[in-house]
There are 2 protein chains.
Amino acid sequence: MRPESRKQEIINAAAILFKEKGYSAVTMRDLAKAMGIKAASLYNHIQSKQEILSTIIIGLAEEFTVGMNKIVNSDENTIQKLENIIDLHIDVTLRNADGLASLNNDWMHLEEDNLQYFEKMRQEYEDNFRDIVKKGLEKGEIKPYNVEIMVFSTLSTLRTLYLWYPEQKEIDSDILKRDMISVLLKGVA
Amino acid sequence: MRPESRKQEIINAAAILFKEKGYSAVTMRDLAKAMGIKAASLYNHIQSKQEILSTIIIGLAEEFTVGMNKIVNSDENTIQKLENIIDLHIDVTLRNADGLASLNNDWMHLEEDNLQYFEKMRQEYEDNFRDIVKKGLEKGEIKPYNVEIMVFSTLSTLRTLYLWYPEQKEIDSDILKRDMISVLLKGVA
DNA sequence: GTATCAAACTAACAATTGTTAGTTTTGTTT
DNA sequence: AAACAAAACTAACAATTGTTAGTTTGATAC
């Protein structure tokens with residue numbers, strides 16, 4: 001157990017509260033109470049409420065960007081790439097499910113520069129995803145359904161993992177990966 | 001064009017704002033500005049901000065409850081039942097995508113009684129969904145993957161439709177239904 | 001033209017918000 | 001024990017929040 005910095009403790013506590021009620025509904029006094037201190041004391045460690053949010057979201061977005069770039073630039077086939085994307089989402093979710101709630105639901109409360117930066121990363125991530133599916137379709141590695149529907153459907157499931165996985169502790173992470181890949185790629189029927 | 005009551009106009013405008021920023025981040029002054037009036041004037045039509053939220057969410061939740069009950073009590077087979085659930089979600093989404101944002105993201109801001117009522121409906125909806133999948137699995141109509149994963153995966157996609165569909169106007173609703181059913185039931189690979 | 005009624009308005013409220021300034025406590029290092 | 005830095009505290013601020021009270025406007029019915 002390496003000791004976490006006080007700042008990181010605050011950010012982790014904030015992520016939990018943001019997950020439960022959303023960024024706007026969590027006050028600095030709520031956060032302070034969760035930390036067992038007074039609201040003003042938080043400012044010995046952080047600069048602003050906004051800084052907490054951007055630290056949570058931008059860090060995660062960059063993780064996805066790095067992961068996706070590796071997958072796109074690999075020479076694996078389409079199915080393997082899709083499997084790797086599923087892997088990426090499961091890994092990030094296991095490591096920081098609370099933070100993903102903010103990324104999914106509170107990104108619009110980022111301020112100017114970080115908001116633009118985030119939206120750019122998200123756009124590129126989705127474009128990369130779409131390109132993988134499109135190429136798979138051209139090569140006949142994927143069924144000829146509407147590309148947008150396939151991308152949306154898969155991404156919806158992966159994005160929502162954060163809500164669901166923490167409650168399914170009995171499911172081993174390898175079984176999760178295997179069945180998730182099966183369900184998304186081969187369907188249920 | 002039947003004229004909508006002023007109250008309903010306010011609720012519709014609120015749903016759009018709630019979708020963009022979430023319930024907590026939307027002020028009564030924001031809502032008033034969107035309506036072209038002053039905040040105090042809203043109270044000639046509604047009782048409270050909370051009333052707006054509960055009207056949006058409870059109405060939609062009841063729609064899903066009614067729809068799901070019809071499906072569960074029908075004598076169709078598992079695949080047909082799943083198709084009907086997909087249909088239900090697409091229909092509701094087409095009719096009120098904005099309201100679904102609140103149902104998905106702001107239900108936790110409902111107050112005591114309505115919160116309990118909502119959570120009960122959601123629980124029963126998910127239980128019904130799970131039972132359909134379980135029975136389909138027993139009868140061999142569905143592949144033997146983890147039930148929770150199948151339910152979660154399908155429901156994630158259907159719940160997120162509200163975010164995605166309004167931007168895909170070029171896709172005909174019948175094609176959407178057909179390909180959505182294909183992707184969810186047969187997979188992409 | 002006067003009464004009626006819905007729907008807007010102005011003005012204000014008490015509570016809550018994020019944040020700052022300045023001070024005290026706590027624990028460690030000299 | 002003296003000095004120091006980290007991290008807590010109290011007290012307060014200006015702005016914003018949902019909401020109320022009381023008033024005015026504008027259209028319709030008599």
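Lettering of chains follows the sequences in order, A, B, ..., and the numbering in each one begins at 1.
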#### Entry: Nearest-neighbour nucleotide for the A:Arg6 side chain, D:dA7, C:dA8, C:dG18 considered
D:dA7
#### Entry: Residue A:Ala40, side-chain atoms from C-beta onward, closest of D:dT10, D:dA21, C:dT19
D:dT10
Can you check the [X] [atom1] to [N] [atom2] distance for me, whole Å?
{"X": "B:Lys49", "N": "D:dT17", "atom1": "NZ", "atom2": "C1'", "answer": "9 Å"}
{"X": "B:Asp30", "N": "D:dG18", "atom1": "CG", "atom2": "C1'", "answer": "12 Å"}
{"X": "B:Gln47", "N": "D:dT19", "atom1": "CD", "atom2": "P", "answer": "10 Å"}
{"X": "A:Leu42", "N": "C:dT17", "atom1": "CG", "atom2": "P", "answer": "14 Å"}
{"X": "B:Met35", "N": "C:dC9", "atom1": "CE", "atom2": "P", "answer": "11 Å"}
{"X": "B:Tyr43", "N": "D:dA21", "atom1": "OH", "atom2": "P", "answer": "13 Å"}

### Message
At a heavy-atom distance below 4.0 Å, what parts of residues 8-29 of chain A sit against DNA chain D?
### Response
A:Arg29
### Task
Find out whether B:Leu31 and B:Ile10 are in side-chain contact, i.e. whether some heavy atom of one side chain is under 4.5 Å from a heavy atom of the other.
yes
### Task
Answer whether the closest heavy-atom distance between the side chains of A:Val92 and A:Tyr162 falls below 4.5 Å.
no
Decide whether [X] and [Y] meet the rule of one side-chain donor and one side-chain acceptor closer than 3.5 Å.
{"X": "A:Thr157", "Y": "B:Thr157", "result": "yes"}
{"X": "B:Gln8", "Y": "B:Asn12", "result": "yes"}
{"X": "B:Gln123", "Y": "B:Glu119", "result": "no"}

### Message
Let me check something: do A:Ile46 and A:Ile56 share a hydrophobic cluster, defined by ILVMFWY side-chain heavy atoms less than 4.5 Å apart, either directly or through other members?
### Response
yes
### Query
Any idea how A:Tyr125 and A:Phe64 line up, ring-wise: parallel (<30°), tilted (30 to 60°), or perpendicular (>60°)?
perpendicular
### Task
Please determine if a side-chain N or O atom of A:His45 lies less than 4.0 Å away from the OP1 or OP2 oxygen of D:dA6.
no
### Query
At what angle, to 10 degrees, do the two end axes of the helix from C:dG1-D:dC30 to C:dT30-D:dA1 meet, given five pairs define each axis?
0°
### Message
If you go through the side-chain atoms of A:Asn44, does one of them form a donor-acceptor pair with the base of D:dA8 closer than 3.5 Å?
### Response
yes
### Derivation and outcome, salt bridge (Lys or Arg N to Asp or Glu O under 4.0 Å), residues A:Glu9 and A:Arg6
CA-CA 5 Å; A:Glu9 287 184 60; A:Arg6 201 77 175 116; 3.1 Å; yes
### A:Lys177 with A:Asp174: basic N within carboxylate O range, under 4.0 Å
no
